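If you're wondering where the values come from, they're calculated on a predicted model, not measured in any experiment. Throughout, protein chains are lettered first and strands after them, A, B, ... in sequence-line order, and every chain is numbered starting at 1.
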Amino acid sequence: MRFPIVGAIYQKEMLDLIRDRRTLISMLFVPTLLIPMLFSVGTRLVSRMQTKAEEEAKSMAVGVKVSPSLREALEKAGIQIVENDNLKDAVLAKTIAVGVEEIAGTPVEVQIYVDNSNPTSSAAAARVRLALDDFKDEKVRESLRGSGIPANVLTPFVVTRTNIAGARKMAGMAWGSILGYLLLLMMFTGGMYPIIDMTAGEKERKTIEALLASPATRNEIVLGKNLAAVTAILITAMLTLGSMVYSLKNSSMSSKVPEAQEIMRTIPLDVHSVTLIAATLVPFAMFEASLMFAIALFARSYKEGQSYLMPLLILVIFPALMGGLSGLKMTPLLCMIPIFNASQMIRGILTGDASTANFAIMTAANLAYAGVAFMIATRQFENENVLFRS
Amino acid sequence: MIQVTGLSKTFQDSKRGTRLAVDDVSFEVRAGEVFGLLGPNGAGKTTTLRMLATLLKPTSGTAVLNGFDITREPQKVREQIGFLSGDMGLYGRLTPLEILDFFGKLNGMDAARRAGRIKMLATMLDMQSFMGVRTDKLSTGMKQKTAIARTMLHDPAVLILDEPTSGLDVPTAQAIETAIVDGKKAGKCVLYSTHVMEEAEYLCDRIGVISGGKMKMIGTMEELRAATGKQRLREIFLDLLEA
């Protein structure tokens with residue numbers, strides 16, 4: 001193995017990649033522009049929809065078939081009331097937000113008719129529920145006063161719930177559920193086009209013969225190309241990470257909940273975490289590059305290469321998503337499952353739960369997979385039936 | 001020099017079954033000689049050249065190029081040869097200068113030698129005006145000059161050229177023929193495949209006619225004329241194909 005030749009091949013591939021429009025789009029444009037744009041548009045849309053639902057819930061009337069006292073309680077809570085005989089139909093027709101019906105019996109039943117598929121109806125039902133609960137509490141206190149019983153018999157003890165996880169851990173859980181998945185997915189899309197270009201693309205453009213007829217060995221060629229692919233993949237990963245941090249920090253999703261706002265503000269990415277994430281991604285990138293290389297090399301053309309690699313992309317989604325789920329405990333066995341292990345480790349790094357032993361197992365497993373995939377890729381590159389398949 | 005002995009190549013095709021592309025071909029090319037390989041489409045010329053360039057493994061037989069066997073020492077063989085395939089095979093997003101520099105590095109040339117050889121070849125093939133232009137923007141003639149320069153960059157002892165003047169205008173073809181003649185005068189061993197009969201008559205010291213994977217005849221123009229009774233190479237060629 002002559003590293004100057006590997007270096008020459010690496011340099012040439014990198015030069016070729018940065019001049020390829022498709023690669024630039026998948027490697028640079030998508031992570032740096034598309035993700036922030038989607039976040040911005042998406043969060044604005046959600047925020048706007050939420051606000052609109054709440055405002056409509058306030059302004060839209062509530063249909064009632066209730067006693068005067070209940071009606072008075074609802075009006076006192078600021079809810080606009082209309083009488084309506086066909087409450088269910090009216091809710092479905094959106095002429096009223098919700099319907100409230102008092103049904104005689106022991107005890108009296110107050111039925112709230114809500115269309116949960118309509119955010120306005122759900123928000124209005126919550127307001128009505130609050131108003132009815134207040135009215136119910138008032139009625140109970142009145143009854144107790146009348147009987148000479150103090151109202152505090154209703155609360156023999158108070159239950160409070162304190163989250164001791166801390167802002168960083170909560171942020172880690174929130175970020176961990178999506179960051180690993182998005183990073184791994186973007187790494188695949190970022191690496192796919194460069195790798196197809198270096199393999200099936202070279203075959204299609206017929207540039208591969210001159211390279212094979214040169215003194216560079218097959219191993220040197222595969223290693224040089226692989227290193228360029230790994231570089232492209234890692235650049236995509238870092239840009240994705242950076243743009244996600246930027247997008248979430250500047251997100252206009254104005255959550256009303258202080259804890260959610262705290263999570264958005266707290267980014268669990270210090271130097272230590274970033275270093276560990278990078279150390280997680282490097283062996284994974286090597287495995288991914290070799291695997292895609294071996295598959296794409298079999299294709300005769302760029303288009304065929306895409307059709308071979310797209311199913312692989314779909315196979316990535318499920319384990320990457322599963323790895324980000326909270327509640328799954330990291331075990332040595334799980335640390336050996338490719339793709340899943342990287343996603344789970346990233347979540348563990350962000351929540352502070354990753355152990356050194358599991359990290360070592362995951363790294364060793366991914367390096368082993370990378371080695372096997374590299375050997376397969378090299379074997380493919382020595383097979384004239386693959387190289388000159390037509 | 002090139003010594004080819006009983007070279008055969010069989011391809012397995014799922015639809016067409018077994019196909020014998022090259023059948024027991026033998027010939028030799030001496031140093032300072034241009035050997036022309038002529039044949040119709042599908043005769044086995046390109047397959048033969050690819051085997052000699054170690055891109056394909058022979059099914060049987062072997063060849064020795066400059067003292068190295070293609071089956072036992074393919075790596076050493078590649079260090080001796082400059083191979084030009086029928087498709088120019090240039091990287092469209094790189095310039096001729098970048099391509100030549102890259103292949104110079106692959107051939108283990110240091111920076112000074114690369115620069116010297118690139119300058120010399122650029123002058124010889126009149127490439128100075130487009131050395132810094134991306135290859136996908138070049139004309140066919142410019143691309144072929146770049147491909148020839150790449151083939152000769154490391155000053156190989158053996159040149160294997162598959163239809164080097166195909167599709168070129170007369171001045172460009174002339175420049176390439178001149179480069180080949182210069183190579184021959186420098187003592188290189190040139191194996192040359194072409195469809196252009198006039199070119200073969202002009203350039204080649206000896207000609208081998210291949211058809212259906214088999215070598216029909218090898219000889220100088222005089223020997224071929226004597227054997228077939230025909231004068232022009234086109235007539236000789238057609239006569240041998242019918243035989």
Side-chain angles (χ1 to χ4, degrees), chain A residues 1-24 193-194 197-199 201-225 228 298 300-302 379 381-390, chain B residues 9 11-14 21 46-47 49-59 70 74-95 98-111 114 134-136 146-147 150-151 153-154 156 158 160 162:
Chain A
M1 184 74 71
R2 294 164 295 181
F3 290 105
I5 290 189
V6 174
I9 294 170
Y10 171 79
Q11 281 173 12
K12 175 255 158 198
E13 293 296 346
M14 288 307 300
L15 185 61
D16 217 353
L17 284 182
I18 61 175
R19 290 179 184 175
D20 179 28
R21 200 177 307 151
R22 273 179 293 213
T23 302
L24 287 178
Y193 290 110
D197 193 66
M198 281 185 228
T199 50
E202 275 228 43
K203 287 164 74 176
E204 191 175 28
R205 294 188 298 268
K206 310 233 190 269
T207 53
I208 204 162
E209 286 194 26
L211 186 60
L212 293 174
S214 76
T217 65
R218 303 296 188 257
N219 277 359
E220 288 163 351
I221 295 171
V222 174
L223 184 57
K225 285 177 177 282
F298 201 70
R300 285 169 286 200
S301 65
Y302 202 99
R379 280 278 167 86
F381 216 77
E382 288 166 356
N383 186 341
E384 63 184 51
N385 291 326
V386 170
L387 289 173
F388 298 106
R389 183 170 164 254
S390 64
Chain B
K9 181 66 180 175
F11 290 109
Q12 298 291 339
D13 189 87
S14 55
T46 298
T47 305
L49 298 184
R50 279 179 171 175
M51 282 193 280
L52 296 179
T54 73
L55 301 183
L56 298 175
K57 285 195 179 75
T59 308
I70 61 170
Q75 185 63 25
K76 290 283 185 196
V77 168
R78 289 196 282 268
E79 290 170 10
Q80 311 301 314
I81 65 170
F83 174 66
L84 178 70
S85 69
D87 312 292
M88 286 167 256
L90 298 172
Y91 299 114
R93 294 187 289 265
L94 302 190
T95 65
E98 287 163 345
I99 290 170
L100 294 177
D101 195 57
F102 170 60
F103 277 92
K105 287 176 186 171
L106 293 188
N107 281 286
M109 297 166 73
D110 60 46
R114 281 199 311 273
R134 271 172 59 148
T135 317
D136 55 8
T146 307
R150 181 190 62 200
T151 307
L153 179 69
H154 51 297
V158 175
I160 301 173
D162 195 351

Taking [X] for the side chain and [Y] for the main chain, is one N or O donor matched with an acceptor at less than 3.5 Å?
| X | Y | answer |
| --- | --- | --- |
| B:H154 | B:K105 | no |
| B:N107 | B:M109 | no |
| B:Q80 | B:P156 | no |

Which of the residues [options] is involved in the greatest number of heavy-atom pairs with chain A at under 4.5 angstrom?
| options | value |
| --- | --- |
| B:P74, B:A147, B:G89, B:G108 | B:G89 |
| B:F11, B:F102, B:F83, B:F103 | B:F102 |
| B:I81, B:T54, B:L56 | B:L56 |

Among [options], which residue has the highest count of heavy-atom pairs closer than 4.5 Å to chain B?
| options | result |
| --- | --- |
| A:L15, A:D16, A:L212, A:L211 | A:D16 |
| A:Q11, A:R19, A:E220 | A:R19 |
| A:A216, A:P4, A:A210, A:G7 | A:A210 |

#### Entry: Lys/Arg-Asp/Glu bridge criterion (N-O < 4.0 Å) met for A:D197, A:K225
no

Just wondering, do [Y] and [X] contact through their side chains at under 4.5 Å, heavy atoms?
| X | Y | answer |
| --- | --- | --- |
| B:L90 | B:R150 | yes |
| B:I160 | B:T151 | no |
| B:T135 | B:M88 | no |

Of the backbone (N, CA, C, O) and the side chain (C-beta and beyond), which part of [X] lies under 4.5 Å from a heavy atom of chain B, both, or neither?
| X | result |
| --- | --- |
| A:R218 | side chain |
| A:I208 | neither |
| A:E202 | side chain |

Quick check on [X] against chain A: is it the side chain, the backbone, both or neither that has a heavy atom closer than 4.5 Å?
| X | result |
| --- | --- |
| B:L94 | both |
| B:K57 | both |
| B:Y91 | both |
| B:E98 | side chain |

### Message
Run the side chain to side chain donor-acceptor pair (under 3.5 Å) test against A:E204 and tell me which residues pass, sequence neighbours left out.
### Response
none

### Task
Step by step, work out the side-chain contact (heavy atoms from CB on, under 4.5 Å) result for A:T217 and B:R78.
CA-CA 10 Å; A:T217 65; B:R78 289 196 282 268; 5.6 Å; no

